Amino acid sequence: MVSSDLIPRKARVLFFTIYYSLFTSFALGTKPLSDERNELPAPINLQAVVVQKTITLSWQWPRPEELPVFAQLGYEVKRQDGKTIMAPGTTYVDSDVAPGTYSYVVRVRGLAKEKGKKVTYVSDWTEPASAAIQSTCGRSPTVELMVEPTQKAYASIPSLRFHIKGQASVEKGCTLGSAHYHLDTGTGIAHGGPLKFDAQGRFDTFINAFGPEDEIPAGRVSFAITATAENEAGPATSDAFTVDVDLRNPFAPH
């Protein structure tokens with residue numbers, strides 16, 4: 001037996017490093033990485049059909065007579081924006097798709113086990129198929145706005161409110177999504193909030209002129225108020241409604 005003193009130190013370190021790596025791999029049950037093989041035929045005749053907000057994909061796959069024994073076999077569908085799903089059959093339905101143009105590719109993907117090792121089989125990607133979802137809404141809403149101060153002059157600032165009412169109208173085939181108001185004095189005071197509307201797009205509410213953090217001015221102040229509503233075609237804003245109000249702030253210097 002050769003004495004360990006006769007074995008160079010570097011050789012001993014290398015030996016024990018390899019031995020430790022092999023031991024820990026077996027002891028911890030480390031599994032080999034899955035092997036991927038591009039050996040399957042690609043799908044053919046990929047088509048995309050659009051119905052309203054749904055895109056239906058269909059394709060064919062020339063299945064070989066001889067195949068590995070797959071534990072899993074399906075089709076990987078990838079959209080150009082990165083969305084990827086696995087389809088079990090030769091169709092896939094992409095539902096509730098936003099307006100725009102979309103492109104898809106498909107490939108076969110299967111998982112087998114050979115000699116205790118996982119092997120992934122794939123095909124090439126198909127040629128892309130494109131589809132476009134058209135907006136059913138031709139233009140943004142039309143917004144009408146009316147604003148009235150609840151008083152002509154205010155000695156109590158917290159009572160300063162406005163009565164705003166109006167209507168957001170949309171064309172047939174459009175859906176009114178949301179609405180909100182915006183108030184601006186042009187002196188650094190600006191805020192806004194949502195507007196609740198009925199089935200006809202009418203809104204009628206009261207809003208506060210100032211927020212709790214606003215520095216209240218004194219004298220004559222002009223408030224510019226707008227209402228914005230949006231649908232599938234985008235947002236639209238009303239003309240600015242300007243209201244002049246005399247403020248008598250008891251805390252302001254005289």
Side-chain angles (χ1 to χ4, degrees), residues 34 36-64 67-113 118-143 167-180 192-203 227-237:
S34 175
E36 184 171 294
R37 303 176 186 176
N38 188 343
E39 298 180 1
L40 299 176
I44 59 175
N45 298 331
L46 176 61
Q47 298 182 0
V49 177
V50 177
V51 177
Q52 295 181 345
K53 295 183 179 180
T54 299
I55 300 175
T56 301
L57 302 175
S58 62
W59 59 90
Q60 298 172 333
W61 185 46
R63 188 184 184 95
L67 283 172
V69 179
F70 288 115
Q72 299 173 10
L73 180 64
Y75 301 90
E76 190 174 0
V77 181
K78 184 165 68 173
R79 204 165 70 180
Q80 93 277 5
D81 59 2
K83 178 181 178 181
T84 303
I85 64 99
M86 285 296 296
T90 56
T91 59
Y92 168 66
V93 178
D94 202 0
S95 303
D96 197 22
V97 182
T101 301
Y102 299 86
S103 178
Y104 301 83
V105 289
V106 178
R107 72 175 178 178
V108 186
R109 188 178 190 88
L111 180 64
K113 197 170 186 180
K118 291 182 179 180
V119 180
T120 299
Y121 287 85
V122 297
S123 71
D124 289 333
W125 293 100
T126 61
E127 291 296 319
S130 298
I133 300 291
Q134 303 294 336
S135 173
T136 58
C137 192
R139 67 179 208 176
S140 302
T142 300
V143 185
Q167 184 173 12
S169 304
V170 296
E171 294 180 338
K172 184 178 180 180
C174 299
T175 302
L176 186 60
S178 63
H180 64 273
L195 288 172
K196 294 184 178 180
F197 50 85
D198 62 16
Q200 285 72 45
R202 295 187 294 253
F203 52 89
T228 299
E230 64 178 64
N231 59 14
E232 299 93 325
T237 301

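Owing to the predicted nature of the structure, the values given are computational and were not obtained by experimental measurement.
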I would like to know whether Lys83 and Asp81 meet salt bridge (charged side-chain N to carboxylate O under 4.0 Å, His left out); could you show each step before the answer? CA-CA 6 Å; Lys83 178 181 178 181; Asp81 59 2; over 6 Å; no
Ignoring hydrogens, what is the shortest heavy-atom contact between [X] and [Y]? Give both atom names and the distance.
X      : Y      : answer
Thr54  : Asp96  : OG1-N, 4.4 Å
Ala42  : Asp124 : CB-O, 3.4 Å
Val119 : Arg37  : CG1-NE, 3.5 Å
Trp59  : Gly89  : CZ2-O, 3.2 Å
Glu39  : Tyr121 : OE1-CE2, 3.4 Å
Val105 : Glu127 : CG1-C, 4.3 Å

Separation between [atom1] of [X] and [atom2] of [Y], rounded to the nearest 0.5 Å:
X      : Y      : atom1 : atom2 : value
Glu36  : Asn38  : CD    : CG    : 7.5 Å
Tyr102 : Gln80  : OH    : CD    : 7.5 Å
Tyr75  : Ile85  : OH    : CD1   : 12.5 Å
Thr56  : Gln47  : OG1   : CD    : 11.5 Å
Gln52  : Ser95  : CD    : OG    : 11.5 Å
Glu171 : Arg139 : CD    : CZ    : 5.0 Å

What I'd like to find out is whether the side chain of [X] reaches to under 4.5 Å of the side chain of [Y], using heavy atoms alone.
X      : Y      : result
Leu73  : Val108 : yes
Ser130 : Ser103 : yes
Leu57  : Asp94  : no
Glu76  : Trp125 : yes
Thr90  : Gln60  : no
Ser178 : Pro194 : no
Ile133 : Val50  : yes

Step by step, work out the side-chain contact (heavy atoms from CB on, under 4.5 Å) result for Asn231 and Thr175. CA-CA 6 Å; Asn231 59 14; Thr175 302; 5.8 Å; no
Do any N or O atoms from the side chain of Ser140 and from the backbone of Gly234 form a donor-acceptor pair under 3.5 angstrom?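 Yes, because the side chain of Ser140 sits within donor-acceptor range (under 3.5 Å) of the backbone of Gly234.
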